[in-house]
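Count residues from 1 along the sequence. Each ligand, and each atom within it, is numbered from 1 in the order the structure gives. Atoms considered below: every heavy atom in the structure, side chains included; atoms not considered: hydrogens, waters and symmetry mates.
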Amino acid sequence: MTQKKTRLCRTTGLRGVKGKTEKPHPRILMIYTGGTIGMIENPDTGSLEPFDFEHLLENVPKLKLLDLDIESVEFEHPIDSSSMNPEHWKQIARVIEENYVKYDGFVVLHGTDTMAYTASALSFMLENLAKPVIITGSQLPIGDVRTDGEENLITALQIAGAKDAQGHPRVREVAIVFEDFLLRGNRSTKHSSDNFAAFSSNNFPPLAEIGLGIHYNKSEAPLDNSKSKFKVQYGMDTNVMYIDLFPGIQEGVVRHLFSTPGIKGIVMKTFGAGNGPNDPWFIQTLHEAVERGIVVVNISQCMNGSVMPELYSAGREISRSGVVSGRDMTSEAAITKLMHLFGCGYTAEEVAEMMKSSICGEMTAEDSLSY
Ligand code: ASP
């Protein structure tokens, strides 16, 4: 991460207007990591490639009109987010930690492909977050005449600077701004590689709807971490994996995957309400994996709804083998939560237990699910 900071808008701090003293403008730190929003076409290959931050800024002169004091830092080499990994998450988290006191909010510019993973990971890493960390990007580069990037960026900055009547930040969590919605980061999924409305939060209502105004959802109690001290948990253990079931999946393949050397946690993507084949070898394989100390989490392949382990015997058998229900978590939240919990040094038993309850709004409480 280049620590060189670019100041985009400068306010003079306390300003006198007609004898009154105005409050200083909210201070926002923008963190540029790459993604389509800042890409340009390589004339030789015709493919889009990450480009530097100055180019992005040149395309949004309106930034200077915002009532915000904006500064920015950027990745030394901006990346396509398909190359994003936990080391990059740590870099982003470190910038936020080092600048936490100085700024009112943070905007992370990021590619859309793995944005939901970064949002989920940061939600776990940034413990007791009491300021907005708003992630956004775009489907078309900012230099494109039809770009969605300008609107997403400006809205993200406005939300990062928004305060309630008491002067507290409106948003106190990691969230994604995209097209018409502000979504809880660890509830979000990229569902379209084409639509401007690329993200959805299928098991949790939007934190705000973006239209003529920004309409915050007042029926959902905001996450409130303001009483505990902000702290970054940097540990991220990548000894985790997905296993995606499909009809006809072979015993040898399943046994092989569950025997992957060094693996500590597996997110198993199951059918419907958390079901899988009722072949004895399948249940036996799950039993053996759990007995070996692997934490196996059951997540539905459905975009909407929850794992309901007792609804069908096909699900009950999975649950009785010691597999943990991930309820209505996204797969992005489940895999990054495993990385985070193992990275914090918890034992397999502790991780299994902590996967069952929400850390920062990533899953619905069991007694609120209607089954
Ligand atoms: N491949 C790009 C990325 O994730 C896609 C995008 O930004 O929309 O960086």
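For the pair Ser138 and ligand 1, a heavy-atom separation below 4.0 Å is found.
In terms of protein heavy-atom proximity, atom 6 (C) of ligand 1 is nearest to Thr36 OG1, 2.8 Å. Counting only heavy atoms of the protein, atom 8 (O) of ligand 1 lies nearest to Thr112 OG1, 2.4 Å. The closest protein non-hydrogen atom to atom 4 (O) of ligand 1 is Ser81 OG, 2.5 Å.
Cation-pi geometry between Lys269 and Tyr242 is met: under 6.0 angstrom from the ring centre, within 45 degrees of the axis.
Checked for salt-bridge contact, Arg320 and Glu317 miss the test: no charged N lies under 4.0 Å from a carboxylate O. Ion pair Glu332/Lys190 not flagged as a salt bridge, since none of the NZ, NE, NH1 or NH2 atoms sits closer than 4.0 Å to an Asp/Glu carboxylate oxygen.
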* Trace of the side-chain contact (heavy atoms from CB on, under 4.5 Å) decision for Asp104 with Lys163 -> CA-CA 9 Å; Asp104 296 290; Lys163 303 277 169 102; 3.1 Å; yes
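For the residue pair Asn195 and Gln139, no side-chain donor N or O sits within less than 3.5 Å of a side-chain acceptor on the partner.
Residue Asp113 has at least one nitrogen or oxygen atom sitting less than 3.5 Å from a nitrogen or oxygen atom of ligand 1, judged on distance alone.
Near Gly35, meaning under 4.0 Å from one of its heavy atoms, ligand 1 places the atoms 7 (O), 9 (O).
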